[in-house]
Student: 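My questions will all concern the structure given below.
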Amino acid sequence: MEPQPWKSLGRIECRRPGVADVTLTGAVWWLLHTQPQVHELIASTAALLLLRCVRVHNPAGVRR
């Protein structure tokens, strides 16, 4: 069996959301919030994921 090299997560970058990200997040949150069958936690989680503040640069795509 051949040993495998460790592949780390890469570089984690935090950035400020732009105007378009905040607008899209607000619209999605409002649309999900007004639906009675969608739980508030799901609406908030979907909105936070759309902000795209945290990015992970994966070095696994780089050939060696």
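The figures that follow rest on heavy atoms only: side chains count, while hydrogens, waters and symmetry mates do not. Nothing here was measured: the structure is a model prediction, and the numbers come from that model.
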Student: Could you give the distance from OG1 (Thr45) to CG (Leu49), rounded to the nearest 0.5 Å?
Tutor: 7.0 Å
Student: May I ask whether Ile42 and Leu24 are part of the same hydrophobic cluster, defined by side-chain heavy atoms of I, L, V, M, F, W, Y residues being less than 4.5 angstrom apart, directly or through others?
Tutor: yes
Student: Distance-only check: which donor-acceptor pairs under 3.5 Å involve side-chain atoms of residues 25-32, not counting sequence neighbours?
Tutor:
{"unit_1": "Thr25", "atom_1": "OG1", "unit_2": "Asp21", "atom_2": "O", "d": "2.7"}
{"unit_1": "Trp29", "atom_1": "NE1", "unit_2": "Glu40", "atom_2": "OE2", "d": "3.4"}

Student: Is the closest side-chain heavy-atom distance between Leu51 and Leu48 below 4.5 Å?
Tutor: yes
Student: Is any side-chain heavy atom of Pro17 less than 4.5 Å from a side-chain heavy atom of Cys53?
Tutor: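 Result yes, sub-4.5 Å side-chain heavy-atom pair found.
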